[in-house]
Every structure is written in C-alpha cells, then in structure tokens.
Amino acid sequence: MITVDRQAAKALHHQIYDACRTAIVEGRLRPGQRIPSSRVLAVELRVSRFPVLNAYAQLLAEGYLESRVGAGTIVSRSLPDQLTSSSRPGVRFAAIRSGPRPVALRPSCLNRLEKSPWLGGWGALGVGQVAVDQFPLPIWSNLVARHSRNMEAKSFRYGNQMGSEALRKTIAAYLRTARSVHCEAEQVMIVSGSQQALEISARVLFDPASSVWMEEPGYGLARHAFALTGCHLVPVPVDQEGLNVAAGIKRCRKARAAFVTPSHQFPMGVTMSAPRRFQLLEWAQHAGSWIIEDDYDSEYRYESLPIACLQGLDASARVIYIGTFSKVLFPSLRLGYVVMPSDLIGRFQAIRRAMDIGPPSFFQEVLADFIEEGHFARHIRRMRVLYRERRTALVDSISKELGSMVEVLGDEAGMHLAVNVPSRCSDLEIAERAARQNLWLWPLSPSYMAGLPRSGFILGFGSTAVTEIPRAVRQLRNLLVAK
Ligand SMILES: Cc1ncc(COP(=O)(O)O)c(C=O)c1O
C-alpha cells in the first residue's frame, strides 16, 4: 500500500507518514489491525529504518497508532479523525460509488437466488445435505495428516489440468464397475463439484445461438450455469418415464444438447425408462446433438440395485457424464468428475486451463487413497441403510400427519423426495416462513421454467435423523394448515 519516491522533494519520513495516515483514514487499515514492524517496512521500501521510525513515532504521537506490549504496533482503536465527517473511513469510497458502475447483463434466472432464504441453512429437511455425523472422520483425518506429512516438491507445483492421475484411475475403475460407464482414466476430468462440470461443458458445447433441452421441472443450478453462455433453454416436460423425448423433438429437433438426470430425476425422483433412454440416444445421434447426464446420487437406491447409467448405453459417444462426491461424501469437499468422449478431451482441457488452470491437488490425493483403501465403498454401504431408514420414516410421517393433503412423488432412491401441495398454497411463501423456523423446505415451483408450475416441496432426508422427522413434518403441516 505504500510507495516512496526518493527523488521527491518531500522527506522520506513524511511520505511514509502520509501514506500510513491516508490508509488509516480511508479505512484500508482498520482499527486494531497490526502494522508491519519498522524493520520489515524498511526492508520492503528499501530505505533505512530511521524514516520509518520517525513516521511511526509521529503517528503514535497523533494517536493513529498504538503500541501494545507483546502485540507490536496496531492501528488505534479510537481514531481522532473518525469524528470529522470529511475524513471518516469509507466516505471517499462512497463518493466513488456514486459514478456510473456498468456491469454485465446477467441472465434473469440468477436474480431469484438472492431471494431464496431456503438455500441459506443446514437442518431439518434441507436438500443436498448429508449425514455429516456419520462420516468416518478419524479415517479421513488420518489420511489428511499422512498426506500433509508426505508432501513432496511436486505437490507444490501446478498439477495436471485434468486432475490427479491416481484419482482419475480410481474413479474410472469405480465408474466402470459400479455405474457401467464406458471410460478410461484419460477421459476423466476432476472438477470442483458437478456445478463446475456443467459450466465447463456449457462453455465447450454451447454458443449463444444454441438451444438446450432442459427437464421441466428440473435442476435450477444447471439452468443457471448454462444460461451464463447466453444459450436458449427449452423446457421439455418430464413424466413418469422421465424426459418426454417426443415433446422435445416437437419443440426443438435441432437442439445442441439435452440435460438429463436419468437415474433419479431432479426434483421429481422418477427413473428414466429404457425406451426413453434409447429414444434420447437415437435423437442425439440423428440430430448430431449432445446429452449431458447428471448422475448425482445414483448410489442410493433402496428397492433395487443401482440403475446403470445412460452413458453406458451410448454407442455413438454423445454423452457427457457428470458425477459428484457431494452426496456420497460431503458437499464442502467440492470434488466431482466429468467423463467426456475422447474427441472432446482437448476442448475441455483448453476451457479448463482458461478458467482456473486446474483443480487443487491436495484433497484429490486424499480422496484417491480413501477410495483405494475401501473406505468409500464401506461408507456408501452404511449410508444406503441409514438413508433408507430416513426415507421410510419421512414417508410414514407424511402419510400420518398430512394424509391426503399432499402427494409423495419419486422412486425409493436418492436423498430427497418431492410432495405436491394444493395449488392455493404458495410454496414460496411457505418456504420463506419455514426458513425462519429452521425448516429448510425447497419450494417446487422455481424448478419450473415456464407454464403453470406445480406448488410443492422438495424434502431432503440426508441430514435429518429418524427421531427429528416427525417434528419437522408436523411443522410443515402447521405451515400448510395456517394457509
Ligand atoms: C441434480 C443435482 N446435481 C448435482 C448436485 C450436486 O452438485 P455439486 O456437485 O456441485 O455439489 C445436486 C445437489 O443437490 C443436485 O441436486
């Protein structure tokens, strides 16, 4: 923040004094903040210590700084200039703010995020939340400690933009066996959650003129990521068999891509039927289009074995397959993956490099060992039992407390279910009131892009213990009845 000019007429100590004082008055140095020692500042400014000591002495004398034994010198917590309006911290910045401040036009769907209090909390019935208390933290911590002890020179360099080789190999092996994905490690890119996979895929595949089929209702964050490219989003209805491919063809045969969640449709929870899967693949092949498959929670199926993914049925390399560790481990890990057709690898790499060069390496290495040593598979097996219990408890409570007031939608899978409520109830209003009571209902209507949205809620059961569920459902009933 401070520079000095040796050629200037003003003495060095005066320049240092002025620069420090201005930084304090403008609020760049805050009350209580430590300032560098005179020795350190002198080295940084390449001057002797005398002018710095002189300047600090003046600032101390005037009350801008205070010395604290053992804590060095800090900015005074009762600034003399604070009382005069012309020099109050921040005033100059307020003046700057009054000029023109042009920013990019953003897609209108992003505006709603600021008014969505139900996204803000962690607790009963929250969507996208996992049983963090069940995570094998001691094992994870041991792996983290082991990796920090064993960091080598290469751990500090820029890594591979596709991600850690060890993790990509491990993920490829897992996806081949557990999800029937056709892939080699070379096709796997590690990303920071599936959200980044969506953004990179959109930048690789879409132009502003592209049309993209979106499930209706569907995953809002996919819409937001795609909308950033300026492409045209085409809502395609979802029914009991998943995306209605015939309706999509009718609306926009030549779409550049279709975004789907075939294993467990978000939010309605249906599984895409086999005939629809083949229809979708056939359309993509004939139209020269892409399919973006978001396979976000397919590990959790409670009635049957996990459903094989769409990518595994694709004979013409048209599917971009996306997965995440947010549901099977925990969302703050921000690790996911995208499996791309081989001919797109170079394009994905180029976009990735331009965006963030590559993923941070440390937790990738930890995760590779966590999977390799068998902890990942064990954790999923345990969570499958736990989430099944929680889902059953939620469905039972809904039927007991809400009876025919709502309809439960979705297969026995994943970590959420949806309920429809009578159309006179505004799900947005109820969700807003619920959030104030620490109940995190996701309203269903924002999942629709067009037409007449259905009123309802997406209810997560991942982080809600069986014993907490009846109370949360009674809270929901009270909110519905009060309408
Ligand atoms: C449909 C869908 N896809 C993906 C995710 C996970 O996103 P991320 O990997 O960015 O945390 C979620 C989380 O709730 C989701 O609902």
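What you see is a predicted model, and the numbers here were worked out from it, not measured in a lab. Both backbone and side-chain heavy atoms feed into the values below; hydrogens, waters and symmetry mates do not.
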Q: May I have the step-by-step check of side chain to side chain contact (heavy atoms under 4.5 Å, CB included) for I307 and R277, ending in yes or no?
A: CA-CA 12 Å; I307 310 274; R277 286 171 191 246; 3.6 Å; yes
Q: Evaluate the side chain to side chain contact (heavy atoms under 4.5 Å, CB included) criterion for residues L143 and E373: first the C-alpha distance (whole Å), next the side-chain angles of each, then the deciding distance (0.1 Å), finally the verdict.
A: CA-CA 10 Å; L143 290 174; E373 293 177 13; 3.9 Å; yes
Q. Stepwise, does the side chain to side chain contact (heavy atoms under 4.5 Å, CB included) test hold for V191 with R352?
A. CA-CA 9 Å; V191 284; R352 183 63 191 269; 3.8 Å; yes
Q) Stepwise, does the side chain to side chain contact (heavy atoms under 4.5 Å, CB included) test hold for M405 with V481? A) CA-CA 10 Å; M405 228 198 283; V481 170; 4.0 Å; yes
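When every heavy atom of P359 is checked against every heavy atom of I190, the shortest pair comes out as CG-O, 3.8 Å. Taking each heavy atom of D207 and C231 in turn, the nearest pair found is O-CB, 3.7 Å. The minimum heavy-atom distance between G123 and T464, with the atom names listed, is O-OG1, 4.2 Å. In terms of heavy-atom proximity, R382 sits nearest to Q134 at NH2-OE1, 2.9 Å. Between Q161 and Q349, the closest heavy-atom pair is OE1-O, 3.1 Å. Scanning both residues, S463 and E468, for their nearest heavy atoms gives O-OE2, 4.3 Å.
One N or O on the side chain of R223 and one on the backbone of S447 form a donor-acceptor pair closer than 3.5 Å. Between the Q240 side chain and the V270 main chain, no donor and acceptor come within less than 3.5 Å of each other. Listed for the S155 side chain is a donor-acceptor partner under 3.5 Å among the backbone atoms of E152. Remark: the backbone N or O of E401 is not paired with any side-chain donor or acceptor of R474 at under 3.5 angstrom. Using a distance-only test at 3.5 Å, with no hydrogens or angles considered, no donor-acceptor pair links the side chain of T229 to the main chain of F206. Between the D314 side chain and the V319 main chain, a donor and an acceptor come within less than 3.5 Å of each other. One N or O on the side chain of E215 and one on the backbone of T261 form a donor-acceptor pair closer than 3.5 Å. Proximity of a side-chain donor or acceptor of Y321 to a complementary backbone N or O of P341 within less than 3.5 Å is not detected. In this structure, R179 contributes its side chain and Q311 its backbone to no donor-acceptor pair below 3.5 Å. Formation of a donor-acceptor pair under 3.5 Å by the N244 side chain with backbone atoms of P237 is not found in this model.
Checking Q196, Q195, R203 one by one against E199, the side-chain hydrogen bond (donor to acceptor under 3.5 Å, both in side chains) holds for a single residue, R203. When each of W122, W140, F325 is tested with F330 by the rule ring-ring contact (aromatic ring centres under 6.0 Å, His included), just one qualifies, namely W140.
Applying the ring-ring contact (aromatic ring centres under 6.0 Å, His included) test to pairs two or more places apart or on separate chains, those with a residue in residues 272-294 are W213-W283.
At a threshold of 4.5 Å between non-hydrogen side-chain atoms, the residues C252 and H232 do not count as touching. Proximity of R454 to M268: side-chain heavy atoms (C-beta onward) are separated by under 4.5 Å at one or more points. Side-chain atoms of V236 and V245, non-hydrogen and from C-beta on, never get closer than 4.5 Å to each other. Residues M383 and V328 form no side-chain contact, since every pair of their non-hydrogen atoms from C-beta on lies 4.5 Å or further apart. A 4.5 Å side-chain heavy-atom check between N160 and R168 finds at least one atom pair inside the cut-off. The closest side-chain heavy-atom distance from Q285 to E282 is not below 4.5 Å. Proximity of L441 to I430: side-chain heavy atoms (C-beta onward) are separated by under 4.5 Å at one or more points. For the pair L329/L335, no side-chain contact is recorded, criterion being any heavy-atom separation below 4.5 Å from C-beta on.
For R146, the CZ atom sits in a packed shell: over 12 heavy atoms of surrounding residues, nucleotides or ligands are nearer than 6.0 Å. For E165, the CD atom counts as loosely surrounded, since its 6.0 Å shell holds 12 or fewer non-hydrogen atoms of other residues, nucleotides or ligands.
Taking the six-membered ring for Trp and the full ring otherwise, the centers of Y219 and Y296 sit at least 6.0 Å from each other. Ring centers of W118 and F457: at least 6.0 Å apart, outside the cut-off.
Atoms CD and OG, from E432 and S116 in turn, are 8.5 Å apart once rounded to the nearest 0.5 Å. Between atom CD1 of residue I200 and atom CD1 of residue I320 there is a gap of 12.5 Å, rounded to the nearest 0.5 Å. The CZ atom of F226 lies 8.5 Å from the CG atom of L205; values are rounded to the nearest 0.5 Å. If you take OG on S201 and CZ on R347, they are separated by 14.0 Å, rounding to the nearest 0.5 Å. Atom CG of residue L409 and atom CG of residue L444 lie 7.5 Å apart, to the nearest 0.5 angstrom. Rounding to the nearest 0.5 angstrom, the gap separating the CG atom in L280 from the OG atom in S289 is 9.5 Å.
By the 4.0 Å N-to-carboxylate-O rule, K154 lies too far from E365 to be salt-bridged with it. The existence of a salt bridge linking R176 and E184 is confirmed by a sub-4.0 Å separation between a basic side-chain nitrogen and an acidic carboxylate oxygen.
Aromatic ring pairs are classed by plane angle as parallel below 30°, tilted from 30° to 60° and perpendicular above 60°; the pair F461 and Y387 is perpendicular. By the 30° and 60° cut-offs, the orientation of the rings of H375 relative to F370 is tilted.
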